[in-house]
**Student:** 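Right, I'll just put the structure down here and ask away after.
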Amino acid sequence: MREKFRRFMAGRYGTDALNQFLSILAVALLLVSLITRVGLFTWLGLAALIYCYFRTFSRNISRRTEENYKFYTMQERVSGKFKGVKRRWADRKTYRYYRCPKCRQMLRVPRGRGRIEISCPRCGTQFIRKS
C-alpha cells in the first residue's frame with residue numbers, strides 16, 4: 001500500500017508551509033462554524049481544505065513553489081511588524097521612535113536629550129524632534 005501511494009505521489013508537489021497553514025486555517029474555520037452555526041465559515045473552511053489538497057496533488061511544481069515563496073515573504077512581513085512592535089515596547093523607557101517625514105523610515109533616538117536634530121540614514125533628511 002505504501003509503495004502504491006509513493007508511486008502515486010511521484011512527480012507531485014506534496015506539502016509545504018503554505019499547505020500546513022491552509023490545513024490549520026481550514027480546521028479553525030470548521031471549528032468556528034460548529035460553534036457559531038454560521039454556514040459561511042463552513043464553506044470557507046472547505047474551500048481552504050480543497051485548495052490545500054489541490055496544491056498537494058499538483059504536478060505544476062514551479063507554480064506551487066512560487067506560491068510558497070510569496071507566502072513566506074508575506075509571513076515575514078507580518079512577523080516583522082510584530083517583532084518591531086515588541087521591540088518598541090521593550091525599549092519604550094530608553095528610546096523614542098520617529099518616522100522620517102520624507103521616506104517613512106523608522107528611526108530610534110535615545111530619550112532625555114531634549115530637542116535634537118535627527119538625520120535619516122536612508123535619505124539624509126534632517127528634522128528636529130524632542131527626545
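By convention here, the first residue in the shown sequence is residue 1.
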**Student:** Within a strict 4.5 Å, meaning less than it, do heavy atoms of the Arg108 and Asp91 side chains meet?
**Tutor:** yes
**Student:** What is the minimum heavy-atom distance between Ala26 and Gly45, and which atoms define it?
**Tutor:**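 Ala26 and Gly45 have their closest heavy atoms at CB-O, 3.4 Å.
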**Student:** How many angstroms lie between CZ in Arg96 and CZ in Arg113, if you round to the nearest 0.5 Å?
**Tutor:**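 One finds 14.0 Å between CZ of Arg96 and CZ of Arg113.
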**Student:** Sub-3.5 Å donor-acceptor pair from the side chain of Ser58 to the main-chain atoms of Phe54, do we have one?
**Tutor:** no
**Student:** How many angstroms lie between atom CD of Gln20 and atom CG of Leu18, to the nearest 0.5 angstrom?
**Tutor:**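 With rounding to 0.5 Å, CD (Gln20) is 9.5 Å from CG (Leu18).
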**Student:** Using side-chain heavy atoms (C-beta onward) and a distance below 4.5 Å, is Ser62 in contact with Asn60?
**Tutor:**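 Side chain of Ser62 against side chain of Asn60, heavy atoms only: contact under 4.5 Å found.
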**Student:** Evaluate the side-chain proximity of Leu107 to Cys120: yes if any heavy-atom separation is below 4.5 Å, no if none is.
**Tutor:** yes
**Student:** Does the side-chain contact (heavy atoms from CB on, under 4.5 Å) test come out yes or no for Ile128 and Arg115, once each step is laid out?
**Tutor:** CA-CA 7 Å; Ile128 297 175; Arg115 292 180 58 86; 3.6 Å; yes
**Student:** If you count every heavy atom of other residues, nucleotides or ligands that lies below 6.0 Å from Gln75 atom CD, does the total exceed 12?
**Tutor:** yes
**Student:** Can you tell me how far CG of Leu49 sits from CG of Leu29, rounded to the nearest 0.5 angstrom?
**Tutor:**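 Leu29 CG to Leu49 CG: 10.5 Å, rounded to 0.5 Å.
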**Student:** Going from CZ on Arg111 to NZ on Lys130, what distance comes out if it is rounded to the nearest 0.5 angstrom?
**Tutor:**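 Arg111 CZ to Lys130 NZ: 10.0 Å, rounded to 0.5 Å.
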**Student:** Go through the steps to decide whether Arg6 and Glu3 satisfy the test salt bridge (charged side-chain N to carboxylate O under 4.0 Å, His left out), and finish with yes or no.
**Tutor:** CA-CA 5 Å; Arg6 197 173 291 141; Glu3 189 58 36; 3.4 Å; yes
**Student:** Do Phe41 and Leu46 make a side-chain contact, defined as non-hydrogen atoms from C-beta onward lying under 4.5 Å apart?
**Tutor:**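 No; the side chains remain at least 4.5 Å from each other.
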**Student:** Evaluate side-chain hydrogen bond (donor to acceptor under 3.5 Å, both in side chains) for Tyr53 paired with Arg55, printing each intermediate quantity in order.
**Tutor:** CA-CA 5 Å; Tyr53 280 119; Arg55 291 188 79 250; over 6 Å; no
**Student:** Do the two ring centres, one from Phe71 and one from Phe21, sit under 6.0 Å apart?
**Tutor:** yes
**Student:** Rounded at 0.5 Å granularity, tell me how far CZ in Arg77 sits from CE in Met74.
**Tutor:** 9.5 Å
**Student:** Is it the case that one hydrophobic cluster holds both Phe127 and Val109, taking links as side-chain heavy atoms less than 4.5 Å apart, direct or via other members?
**Tutor:** yes
**Student:** Applying side-chain contact (heavy atoms from CB on, under 4.5 Å) to Arg64 and Tyr69, what does each step give before you reach the verdict?
**Tutor:** CA-CA 9 Å; Arg64 303 292 87 84; Tyr69 176 74; over 6 Å; no
**Student:** State, yes or no, whether a side-chain contact exists between Leu44 and Ser33 at a heavy-atom distance under 4.5 Å.
**Tutor:**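 Side-chain contact under 4.5 Å: no.
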**Student:** Hydrophobic clusters here meaning ILVMFWY residues chained together by side-chain heavy-atom distances under 4.5 Å, can you tell me if Tyr72 and Tyr51 are in one?
**Tutor:**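 In one cluster: no.
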**Student:** Honestly curious: do Tyr98 and Ile116 fall in one hydrophobic cluster under the side-chain, below-4.5 Å linking rule?
**Tutor:** yes
**Student:** Ignoring hydrogens and geometry beyond distance, is a side-chain donor-acceptor pair present between Asn19 and Tyr13 at under 3.5 Å?
**Tutor:** no
**Student:** With the side chain counted from C-beta on, respond yes when Thr56 and Arg12 share a heavy-atom pair under 4.5 Å apart, and no when they do not.
**Tutor:**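 Not touching, per the 4.5 Å side-chain cut-off.
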**Student:** Quick one: are Pro110 and Ser131 in side-chain contact, heavy atoms under 4.5 Å?
**Tutor:**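 Sidechains of Ser131 and Pro110: no contact.
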**Student:** Say you draw a straight line from CG of Leu30 to CG of Leu25; how long is it, rounded to the nearest 0.5 Å?
**Tutor:**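 One gets 9.0 Å once the value is rounded to the nearest 0.5 Å.
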**Student:** Can you confirm whether Arg92 is buried at CZ, in the sense that more than 12 heavy atoms of other residues, nucleotides or ligands lie under 6.0 Å from that atom?
**Tutor:** yes
